[in-house]
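Input: a single structure, listed below in structure tokens.
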Amino acid sequence: MLSTRSGYYYWKVAKRVFLYCSVYLITTIVLFPLYWVVVSSLKTRGELFARVTLIPQQITVMNFVHLFTISGFHLFLRNSLIIALTVTLVVVSVAALAAYGIDRFRFRGRRTFVRLILTTYMFPLILLAIPIYTALGKMGLTNTFTGVILAQISYDLPFCTWLLWNFVKTVPLELEEASMIDGASRSQTFRWVVFPLMRPGIIAAGIFAFLWSWSDFVYPMILLSSDSKRTASLAVASFVGSLAIEWEYLLAGSVVLILPVIILFMYVAKYLVLGFGGGAVKE
Amino acid sequence: MNQRSQRSRHVSVGLVLVLPGLIMICAFAVFPLVYGIYLSFFAKHAWLPAYRFIGFGNYLRVLTDPELWRAFWVDLLYMGSTVSLQLATGMGMALLLNQKFLGRAIVRGALIFPYILPTVGAVVIWRWMFNDLAGVVNHILMELQVIDSPIVYSANPTTALVFVIIVAVYRFFPFITLALLARLQSIPVVLYEAAVVDGASPWRRFWNITLPQLEGVIVLVCILRGVWMFTEFDALYLLTGGGPLGATQTLPLLAYKKAFYTWKPGQGAAIAVFTMAVLLVGYLFYSKKQIELMEE
């Protein structure tokens with residue numbers, strides 16, 4: 001009674017085609033800027049402005065060479081790395097301890113503290129930048145790495161604490177109690193039982209803190225005045241605003257800035273999926 | 001050890017653990033906030049150390065400045081358009097990703113790229129793509145004969161706004177997609193099966209099952225994105241710096257300008273406090289509405 005190819009069948013095929021087309025179209029649009037910036041950074045200035053080509057006629061790495069020899073970009077990268085690593089280390093360790101403390105201990109003002117953390121997360125950077133700049137100025141910490149580090153910590157810490165608190169909540173209390181019954185002290189328990197179980201969260205928080213610090217240019221812009229202390233993102237940002245933009249170097253600089261982020265993310269992505277979903281994300 | 005001393009030891013160890021974090025958070029998060037409010041009551045040149053307490057003087061000057069109200073309006077416009085477009089795009093993509101298809105995992109992984117792309121990188125890429133001499137966008141538009149000559153997006157207030165909105169939607173719609181997708185995947189399939197048996201059309205299934213299930217996430221995500229778009233500084237500053245004659249100058253940009261460009265941190269702080277007050281009022285309205293809805 002059923003015809004071999006009913007109208008319903010064609011409708012289903014059409015839906016499949018639509019699905020594949022839309023999904024891959026959107027993916028192409030999403031990834032095209034990445035392709036475009038990499039390809040553009042490998043073109044010569046002449047080709048960049050002569051015509052718009054999808055595939056470069058001539059590939060050159062001179063833009064990158066110039067970036068490192070003449071512009072001294074490696075110096076800025078080093079600065080970014082120093083600051084980002086310090087911020088990450090401090091934030092993750094303090095946040096992990098604080099998260100553990102919040103979840104496991106009842107202390108006065110615990111509720112308000114949690115609510116405070118959540119609301120500060122919603123605060124935009126620029127609103128806090130003015131008082132932070134003024135305060136750091138009074139402490140004589142403008143134009144220092146320390147100042148930038150402190151400023152960035154101020155923004156990162158509440159969010160990472162909240163993030164890690166969500167992970168601490170998933171560690172069952174029974175495990176700790178068992179370990180302490182077996183004779184371990186609380187700090188030993190934390191180090192050997194709780195902390196390893198929080199690992200996805202630690203990694204997530206660490207990645208977040210590092211990436212944010214790496215990408216931030218506002219605090220370095222406000223606080224640093226020496227050219228040599230600039231961070232990589234600040235260096236690229238300051239060239240964006242200049243009147244005669246040398247696009248080929250700007251594009252190369254952006255690629256150098258972006259690539260570590262992407263690589264780091266791809267490497268760590270599996271931890272994030274595990275962490276945030278807690279197994280609830282279906283594949 | 002008796003119960004009592006064990007418990008107090010319990011509590012003090014906890015405090016020791018938490019104290020560094022507590023102190024740091026108070027110092028770093030609470031202090032700037034309080035200090036910012038404090039600063040807004042003073043007239044101070046950013047370089048000179050002299051303070052002059054002027055009470056609400058800054059607020060008076062700032063609230064009577066038409067530039068502030070213009071920035072407020074631009075900010076609302078920016079927030080409204082970006083969040084709604086992000087929601088639409090994000091939801092569409094989430095619904096698509098909820099289906100099974102070949103390469104789904106790869107697509108989902110690739111989707112996060114705009115969100116993790118550093119702001120500076122995104123700005124360079126998009127400004128390059130919209131460049132009037134060598135940009136892809138102008139090139140394509142001219143090839144398709146939509147326009148005759150390249151548009152300098154930054155010269156025209158309207159195109160400048162459209163430009164920043166496009167960039168914002170690109171960068172943040174994945175956030176919405178991933179949030180919605182997580183919720184979508186936890187909706188029990190039986191709900192849909194029952195609806196199909198009852199003869200519901202796809203549209204009705206979406207409207208009566210999917211949307212209500214998503215409501216909580218949608219509201220949360222819209223609030224978060226709303227706050228973040230309203231207070232965005234980084235990208236806007238680098239993309240247009242306030243746009244042609246303030247066309248893309250939002251409140252955060254104005255606060256920055258006052259504090260760091262005209263060297264009046266008192267006024268900048270006042271604008272910042274005003275921005276937060278607006279958000280607070282918005283939040284209060286929302287809570288009130290929630291309570292009213294619950295009492296119905």
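Chain letters run A, B, ... following the sequence lines, proteins first, then strands; residues in each count from 1.
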If you count heavy-atom pairs under 4.5 Å between each of [options] and chain B, which one has the most?
| options | answer |
| --- | --- |
| Thr134(A), Val91(A), Ile29(A) | Thr134(A) |
| Val236(A), Ile262(A), Ile222(A) | Ile222(A) |
| Val23(A), Ile153(A), Val37(A) | Val23(A) |
| Val218(A), Val52(A), Leu31(A) | Val52(A) |
| Trp214(A), Tyr24(A), Phe18(A) | Tyr24(A) |
| Leu257(A), Val261(A), Val90(A) | Val261(A) |

Taking atom [atom1] of [X] and atom [atom2] of [Y], what is their separation to the nearest 0.5 Å?
| X | Y | atom1 | atom2 | result |
| --- | --- | --- | --- | --- |
| Gln99(B) | Tyr20(A) | CD | OH | 11.0 Å |
| Leu117(B) | Leu211(A) | CG | CG | 11.0 Å |
| Ile116(B) | Phe265(A) | CD1 | CZ | 4.5 Å |
| Leu19(A) | Leu102(B) | CG | CG | 11.0 Å |
| Ile125(B) | Leu251(A) | CD1 | CG | 8.5 Å |

Are the side chains of [Y] and [X] in contact, using a 4.5 Å heavy-atom criterion?
| X | Y | result |
| --- | --- | --- |
| Leu111(B) | Thr27(A) | no |
| Val120(B) | Phe239(A) | no |
| Tyr256(B) | Met221(A) | yes |
| Ser22(A) | Leu96(B) | yes |
| Pro114(B) | Val30(A) | yes |

At a heavy-atom separation under 4.5 Å, does [X] approach chain B through its side chain, its backbone, both, or neither?
| X | answer |
| --- | --- |
| Ala95(A) | neither |
| Ile26(A) | side chain |
| Ser254(A) | side chain |
| Ser233(A) | both |
| Leu54(A) | neither |
| Val255(A) | neither |

Part of [X] lying under 4.5 Å from any heavy atom of chain A:
| X | value |
| --- | --- |
| Phe173(B) | side chain |
| Val124(B) | both |
| Tyr237(B) | side chain |
| Leu239(B) | neither |
| Phe233(B) | side chain |

Looking at every non-hydrogen atom in both residues, tell me the closest pair between [X] and [Y] and how far apart they are.
| X | Y | value |
| --- | --- | --- |
| Pro32(B) | Leu128(A) | CB-CD2, 4.0 Å |
| Arg16(A) | Lys100(B) | NH2-O, 3.0 Å |
| Ile130(A) | Ala259(B) | CD1-CB, 3.7 Å |
| Pro118(B) | Ile258(A) | CD-CG1, 4.3 Å |

**Report entry** Aromatic ring proximity, centroids under 6.0 angstrom, Tyr133(A) and Phe260(B)
**Finding:**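 Yes.
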Within a 6.0 Å radius of atom [atom1] on [X], are there more than 12 heavy atoms belonging to other residues, nucleotides or ligands?
| X | atom1 | value |
| --- | --- | --- |
| Leu144(B) | CG | yes |
| Tyr261(B) | OH | no |
| Lys257(B) | NZ | no |

Report task. For Tyr35(B) and Ile132(A), indicate whether the former's side chain and the latter's backbone hold a donor-acceptor pair under 3.5 Å. Result ->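 Checked: no pair found.
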Requested in this report: With a 4.5 Å cut-off on heavy-atom pairs, point out which of Phe101(B), Tyr38(B), Trp128(B) contacts chain A the most.
Outcome: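 Among the listed options, the one with the most contacts to chain A is Trp128(B).
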**Report entry** Closest-packed option against chain A by number of heavy-atom pairs under 4.5 Å, given Leu133(B), Leu251(B), Val136(B)
**Finding:**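 Ranked by heavy-atom pairs under 4.5 Å with chain A, first place is Val136(B).
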